[in-house]
Amino acid sequence: MRFKIKRSVLWFLIAGSLAFVVDVVVLTLLRDVLGVYAARAVSFWLAATTTWLINRNISFAGRSASGSVLTEYLRYLGLMLGGGAVNLAVYSLLAWIFPQGPLWLMLYVAAGTLVAMTVNYLSMTRLLYRQRTEN
């Protein structure tokens with residue numbers, strides 16, 4: 001049995017991987033200045049913006065969202081808050097219980113990201129970038 005991955009899923013994973021790098025780098029750079037929680041909020045926002053750029057232009061190309069680009073971006077960020085809440089909850093719980101060194105924080109971001117990916121993909125495909133059917 002051969003498993004075929006959809007193009008949108010593959011690019012969604014690539015976007016998430018690149019956003020993970022953005023997330024970790026920004027978090028690491030800002031954690032001593034802002035603290036681990038405020039730095040995480042900034043790193044999440046920049047990572048979400050990264051995924052929006054890739055997902056809108058590549059992953060879900062041809063599945064345009066209604067409204068202006070700004071409206072789409074704001075809707076995207078709003079939808080990402082669901083996955084972001086899951087992500088932040090996992091990260092915060094792990095950062096509260098375990099050590100807060102840079103390597104540990106990277107692992108907590110990874111754990112949060114993995115848990116939130118399904119929520120984010122479903123919200124993108126079901127609510128924002130729905131595939132239009134021709135009648």
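Numbers here are sequence positions counted from 1.
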Asker: Is there a path of hydrophobic side-chain contacts, each under 4.5 Å between heavy atoms of I/L/V/M/F/W/Y residues, joining Val22 to Phe44?
Answerer: yes
Asker: Counting C-beta onward and ignoring hydrogens, is there a side-chain heavy-atom pair between Pro102 and Arg31 closer than 4.5 Å?
Answerer: yes
Asker: Roughly how far, to the nearest 0.5 Å, is CD1 of Ile14 from CD1 of Ile54?
Answerer: 8.5 Å
Asker: Could you tell me the separation between the OH atom of Tyr76 and the CG atom of Asn55, rounded to the nearest 0.5 Å?
Answerer: 4.0 Å
Asker: Count I, L, V, M, F, W, Y as connected when their side-chain heavy atoms are under 4.5 Å apart, and connections chain through other members. Are Leu46 and Leu34 then in the same cluster?
Answerer: yes
Asker: Any non-hydrogen side-chain atom of Leu13 less than 4.5 Å from a side-chain atom of Met117?
Answerer: yes
Asker: Could you walk me through whether Arg40 and Val109 satisfy the side chain to side chain contact (heavy atoms under 4.5 Å, CB included) test, starting with their C-alpha distance in whole Å, then the side-chain angles of each, then the deciding distance to 0.1 Å, before giving a yes or no?
Answerer: CA-CA 9 Å; Arg40 184 68 177 100; Val109 170; 3.9 Å; yes
Asker: For Tyr121 and Ser8, test the side chains for any donor-to-acceptor distance below 3.5 angstrom and give the result as yes or no.
Answerer: yes
Asker: For the backbone of Ala48 and the side chain of Thr51, can you confirm whether one donor and one acceptor N or O come within less than 3.5 Å of each other?
Answerer: yes
Asker: Can you tell me how far the CG atom of Asn87 sits from the CG atom of Asn120, to the nearest 0.5 Å?
Answerer: 8.0 Å
Asker: I'd like to check Arg7 versus Phe12 (side-chain heavy atoms, cut-off strictly below 4.5 Å). Are they in contact?
Answerer: no
Asker: In the single-linkage hydrophobic clustering (I, L, V, M, F, W, Y; side-chain heavy atoms under 4.5 Å), do Val86 and Leu107 co-cluster?
Answerer: yes
Asker: Applying a strict under-4.5 Å side-chain criterion to I, L, V, M, F, W and Y, I'd like to know whether Val90 and Leu122 cluster together.
Answerer: no
Asker: Could you report the tightest heavy-atom contact between Ser43 and Asp23, atom names first, then the distance?
Answerer: OG-OD1, 2.6 Å
Asker: Roughly how far, to the nearest 0.5 Å, is OH of Tyr108 from CG of Leu103?
Answerer: 9.0 Å
Asker: For Tyr73 and Thr49, which I'm curious about, is there any donor-acceptor pair between the side chains at under 3.5 Å?
Answerer: yes
Asker: Just wondering, do Phe60 and Leu128 contact through their side chains at under 4.5 Å, heavy atoms?
Answerer: no
Asker: For the residue pair Leu94 and Ala111, what are the closest heavy atoms and their distance?
Answerer: CD1-CB, 3.9 Å
Asker: Indicate if Leu29 and Val21 have the same hydrophobic cluster label, given that clusters are the connected sets of ILVMFWY residues with side-chain heavy-atom separations under 4.5 angstrom.
Answerer: yes
Asker: Are the side chains of Val69 and Arg56 in contact, using a 4.5 Å heavy-atom criterion?
Answerer: yes
Asker: According to the interplanar angle, ranging from 0 to 90°, do the rings of Tyr37 and Tyr91 count as parallel (below 30°), tilted (30 to 60°) or perpendicular (above 60°)?
Answerer: perpendicular
Asker: Hey, could you give me the CD1/CH2 distance between Ile58 and Trp11, rounded to the nearest 0.5 Å?
Answerer: 4.5 Å
Asker: Between Ala95 and Gln100, what is the shortest heavy-atom contact and its length?
Answerer: O-NE2, 3.1 Å
Asker: Are any non-hydrogen side-chain atoms of Met80 and Met124 less than 4.5 angstrom apart?
Answerer: yes
Asker: How long is the gap from CG on Leu27 to CZ on Phe20, to the nearest 0.5 Å?
Answerer: 10.0 Å
Asker: Strictly distance-based, threshold 3.5 Å: is any side-chain N or O of Arg75 a donor or acceptor partner for the main-chain N or O of Leu127?
Answerer: yes
